[in-house]
Visitor: 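Before I ask anything, here is the structure I am working with.
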Amino acid sequence: MQNTQYHFSKLAGKLKSSMIRELLKYANVPGAISFGGGTPDPETFPRHELAQIASEIIEKEYKYTLQYSVTEGDPELVRQILVLLKRVYGIDGLSSENILITVGSQQALELVGKILLDPGDYVLVGDPEYLGALSAFRMRDPQFLVVKFDDDGPDINMVEQRIKDLEESGQIRYLKFIYVVSNFQNPSGITTSFEKRRALVEIAQKYDVLIVEDDPYGVLRFEGDFVPSMMKIGGTERVILLNTFSKILCPGLRIGIIVADKSIIRKAVLAKQGSDLCSPSLTMRLAARYLERYDVLEQIKTAVTLYKQKKDAMVKALEENFGDIPGARWTNPQGGLFIWFTLPEEYNTMEMFEFAEQNKVFYIPGEAFRPHDEPSSSMRMSFCLPSIEGIYEGVRRLRDAFEKYRASKGL
Ligand SMILES: *Cc1c(COP(=O)(O)O)cnc(C)c1O
């Protein structure tokens, strides 16, 4: 069996295991404190309510829940989603033809790639960027135009410069979309300001490209003011909005949403038919009945209050432990699950990882979120899972790991 050579596709040849999975292998050892996980706290999942509804809908609605669904998604869930979209984003005039329910927004990202990208096409993304989106788009072998993220979103001058360069080289028609996680970006926690959202929509209009706005965290805002979505500013003509129940209800249902122009939804439906025929009827109806009976935006308030306390604890712990390091800085997000912590340039958080691991504290090195895998002096720190005491203790261990790493480098 040694020399078996399977004739994999070129695509399969390019697939590699996620660095995150490799790195977090030991994050569950006893006594470890992990800031690495990107998942919500399971204690926030409404398990009793969902168990009750699941039993009812399997018994009473089995003709729907145990059967194939239409590809577009459960009409009952689509109805609930239209109500939620109006409440959350204040968007009027959407109908069921503007909605496709997907298996998590991960599938939404993949479908968007399938219907818009040919190999070699351009996608504009941030540095850092959401890894799941990069992986989904990579299935289509595009070229990433990368722009730096400032504290208030993508560097707009850089966006314009990249696009002008493409225009000058006659390649602009191969730029298909700009991807932005607009609120509390994963990994940085950065929210794109209203001014920058407007600027991005204007750029998209000027150069006739689409914006893919991914917003899993918008309703996890614990302070500060709501910022209108790019979908609200630019409409379905210019913007494809992706959302998900993963961060506000539970990821296990695997329910994501594409909101877009009817003609885009139509193509995405056809692409989805080639992937999986339809999303699971059972979890779609489960979510629909849950949304009918409970106010999901009220239900998450307790969790969001707790996330704020944890975020405040992490910011305070960083101030206490790294406030004396010139050049060390961190974001202070108004929502979401992540803080982006940056050490002075001469440090590399991938190299530092082994020292952190010895101290039983875990994070994700920033390199994982760079579209071209370059070294990084930043790290993603999730504050949602550890306890408040765990956060203080973990950041102290991180400082100690930093000292050991610094000594090893002779800095
Ligand atoms: C968590 C997350 C998602 C959600 O993915 P699902 O497939 O819906 O679980 C999408 N986009 C971003 C930026 C995320 O952080």
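Predicted, not measured: the structure shown is a model, and the values here were computed from it. Positions are given from 1, in the same order as the sequence printed here.
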Visitor: Under 3.5 Å, is there a donor on one side chain and an acceptor on the other for S275 and K114?
Guide: yes

Visitor: Please say whether more than 12 non-hydrogen atoms of neighbouring residues, nucleotides or ligands are located less than 6.0 Å from CZ in R329.
Guide: no

Visitor: For the aromatic rings, using the six-membered ring if either is Trp, is the centroid distance between F402 and Y347 under 6.0 Å?
Guide: yes

Visitor: With side-chain contact (heavy atoms from CB on, under 4.5 Å) as the test, would you mind laying out the steps for I178 and V147 before giving the verdict?
Guide: CA-CA 10 Å; I178 299 171; V147 300; over 6 Å; no

Visitor: Determine the minimum heavy-atom distance between L175 and V209, stating which atoms define it.
Guide: O-CG1, 3.3 Å

Visitor: Any donor and acceptor pair, going by atom type alone, linking the side chain of K310 with main-chain N or O of C384 inside 3.5 Å?
Guide: yes

Visitor: Is atom CZ of F226 surrounded by more than 12 heavy atoms (other residues, nucleotides or ligands) closer than 6.0 Å?
Guide: yes

Visitor: Using every non-hydrogen atom in the two residues, find where C278 and V70 come nearest and quote the distance to one decimal.
Guide: CB-O, 3.8 Å

Visitor: Does a side-chain N-to-carboxylate-O contact under 4.0 Å join K308 and D312?
Guide: yes

Visitor: Yes or no on salt bridge (Lys or Arg N to Asp or Glu O under 4.0 Å) for D92 and K232, after CA distance, side-chain angles and deciding distance?
Guide: CA-CA 9 Å; D92 289 305; K232 174 85 178 174; 5.1 Å; no

Visitor: Between K206 and E202, does a salt bridge (Lys or Arg N to Asp or Glu O under 4.0 Å) hold up when you go through it step by step?
Guide: CA-CA 6 Å; K206 182 169 165 195; E202 280 167 14; over 6 Å; no

Visitor: Check R399 with D324, please: is the shortest side-chain N to carboxylate O separation under 4.0 Å?
Guide: yes

Visitor: How many angstroms lie between CG in L77 and OG in S279, if you round to the nearest 0.5 Å?
Guide: 9.0 Å

Visitor: Verify, without hydrogens or angle tests, whether S382 (side chain) and F35 (backbone) share a donor-acceptor contact under 3.5 angstrom.
Guide: no

Visitor: Any chance the rings of F353 and Y363 have centres within less than 6.0 Å?
Guide: yes

Visitor: Would the number of heavy atoms belonging to other residues, nucleotides or ligands and lying under 6.0 Å from CG of D225 be above 12?
Guide: no

Visitor: If every non-hydrogen atom of K272 is compared with every non-hydrogen atom of I101, which pair is closest and at what distance?
Guide: CE-O, 3.4 Å

Visitor: After noting the C-alpha distance and the side-chain angles of R293 and E49, does the key distance pass the side-chain contact (heavy atoms from CB on, under 4.5 Å) rule?
Guide: CA-CA 10 Å; R293 284 181 207 180; E49 292 84 349; over 6 Å; no

Visitor: Is T44 reaching over with its side chain to a backbone N or O of A303, donor-acceptor style, under 3.5 angstrom?
Guide: no

Visitor: What's the spacing between Y64 OH and L66 CG if we round to 0.5 Å?
Guide: 11.5 Å

Visitor: We want to know whether Y89 and N243 form a side-chain donor-acceptor pair, criterion being a heavy-atom distance below 3.5 angstrom.
Guide: yes

Visitor: Are any side-chain N or O atoms of T191 and backbone N or O atoms of F184, one a donor and one an acceptor, separated by less than 3.5 Å?
Guide: yes

Visitor: Regarding S377 and E345, do their side chains bring together a donor and an acceptor under 3.5 Å, going by distance alone?
Guide: no

Visitor: Can you confirm whether more than 12 heavy atoms, excluding those of E374, are under 6.0 Å from its CD atom?
Guide: yes

Visitor: Taking T192's backbone N and O only, do any of them form a donor-acceptor pair with D152's side chain (distance below 3.5 Å, no angle check)?
Guide: no

Visitor: Do M230 and L200 come within less than 4.5 Å of each other through their side chains, counting heavy atoms only?
Guide: yes

Visitor: Would a distance-only check, ignoring hydrogens and angles, find a side-chain to backbone donor-acceptor pair under 3.5 Å from T71 to L277?
Guide: yes

Visitor: Can you find a heavy atom in the side chain of I53 that is under 4.5 Å from one in the side chain of Y294?
Guide: yes

Visitor: Is the backbone N or O of K360 less than 3.5 Å from a side-chain atom of R397, with the two atoms forming a donor-acceptor pair by type?
Guide: yes

Visitor: Between D141 and K14, is there a side-chain N and carboxylate O pair less than 4.0 Å apart?
Guide: yes

Visitor: Just by distance, no angles: are the side chains of S376 and E367 close enough, under 3.5 Å, to form a donor-acceptor pair?
Guide: no

Visitor: Looking at S188, is its backbone amide N or carbonyl O close enough to the side chain of R380 to form a donor-acceptor pair, meaning the two atoms are under 3.5 Å apart?
Guide: no

Visitor: Please tell me whether K404 and N359 have a donor and an acceptor in their side chains that are separated by less than 3.5 angstrom.
Guide: yes

Visitor: Before you tell me yes or no, could you show the steps for E195 and R198 under salt bridge (Lys or Arg N to Asp or Glu O under 4.0 Å), namely the whole-Å CA-CA distance, both residues' side-chain angles and the distance that decides it to 0.1 Å?
Guide: CA-CA 5 Å; E195 291 68 33; R198 216 169 38 194; 5.4 Å; no

Visitor: With the side chain counted from C-beta on, respond yes when P216 and L242 share a heavy-atom pair under 4.5 Å apart, and no when they do not.
Guide: no

Visitor: May I have the step-by-step check of salt bridge (Lys or Arg N to Asp or Glu O under 4.0 Å) for K311 and E223, ending in yes or no?
Guide: CA-CA 11 Å; K311 184 276 291 180; E223 58 196 7; 2.9 Å; yes

Visitor: For atom CG of D373, is the number of surrounding heavy atoms from other residues, nucleotides or ligands below 6.0 Å larger than 12?
Guide: yes

Visitor: For the backbone of G126 and the side chain of E129, can you confirm whether one donor and one acceptor N or O come within less than 3.5 Å of each other?
Guide: yes

Visitor: Determine whether I156 and I203 make a side-chain contact, defined as any pair of heavy atoms from C-beta on separated by less than 4.5 Å.
Guide: yes

Visitor: Which atom pair, heavy atoms only, marks the closest approach of G366 to T349?
Guide: N-OG1, 3.5 Å

Visitor: Do NZ/NE/NH1/NH2 and the carboxylate oxygens of K301 and E298 come within less than 4.0 Å?
Guide: yes

Visitor: Q106 and E110: side-chain donor and acceptor closer than 3.5 Å?
Guide: no

Visitor: Quick one: do K196 and D155 make a salt bridge, cutoff under 4.0 Å?
Guide: no

Visitor: Assess, by modelled atom type and distance only, whether the side chains of Q107 and D276 contain a donor and an acceptor separated by less than 3.5 Å.
Guide: yes

Visitor: Taking D127 as the fixed residue, which of R162, K148, R370 is the one that meets the salt bridge (Lys or Arg N to Asp or Glu O under 4.0 Å) rule?
Guide: R370

Visitor: Any side-chain donor paired with an acceptor under 3.5 Å for Y405 and E351?
Guide: yes

Visitor: Minimum heavy-atom separation for P371 to V125, with atom names?
Guide: CG-CG2, 3.7 Å

Visitor: Can you tell me if K176 uses its side chain to pair, donor with acceptor, with the backbone of D121 under 3.5 Å?
Guide: no

Visitor: Do I258 and I265 have side-chain heavy atoms sitting under 4.5 Å apart?
Guide: yes

Visitor: Could you walk me through whether M379 and I364 pass the side-chain contact (heavy atoms from CB on, under 4.5 Å) test, one step at a time?
Guide: CA-CA 6 Å; M379 64 185 87; I364 311 286; over 6 Å; no

Visitor: So do the side chains of L398 and M352 get within less than 4.5 Å of each other, counting heavy atoms only?
Guide: yes

Visitor: If you look only at pairs with a residue in residues 93-149, which of them pass as a ring-ring contact (aromatic ring centres under 6.0 Å, His included), with sequence neighbours excluded?
Guide: F137-F177, F137-Y179

Visitor: So, taking the atom named OG1 in T236 and the one named CG in L210, what distance separates them when rounded to the nearest 0.5 Å?
Guide: 10.5 Å

Visitor: Any side-chain heavy-atom pair from R289 and E56 closer than 4.5 angstrom?
Guide: no

Visitor: Any luck finding a side-chain donor-acceptor pair between N157 and Q161 under 3.5 Å?
Guide: no

Visitor: Verify whether one side chain among S95 and K262 offers a donor that lies under 3.5 Å from an acceptor in the other.
Guide: no

Visitor: Does any part of the side chain of V180, heavy atoms only, come nearer than 4.5 Å to the side chain of D214, both counted from C-beta?
Guide: no

Visitor: Could you tell me if Y68 and S281 have a donor-acceptor pair between their side chains, going purely by distance under 3.5 Å?
Guide: no

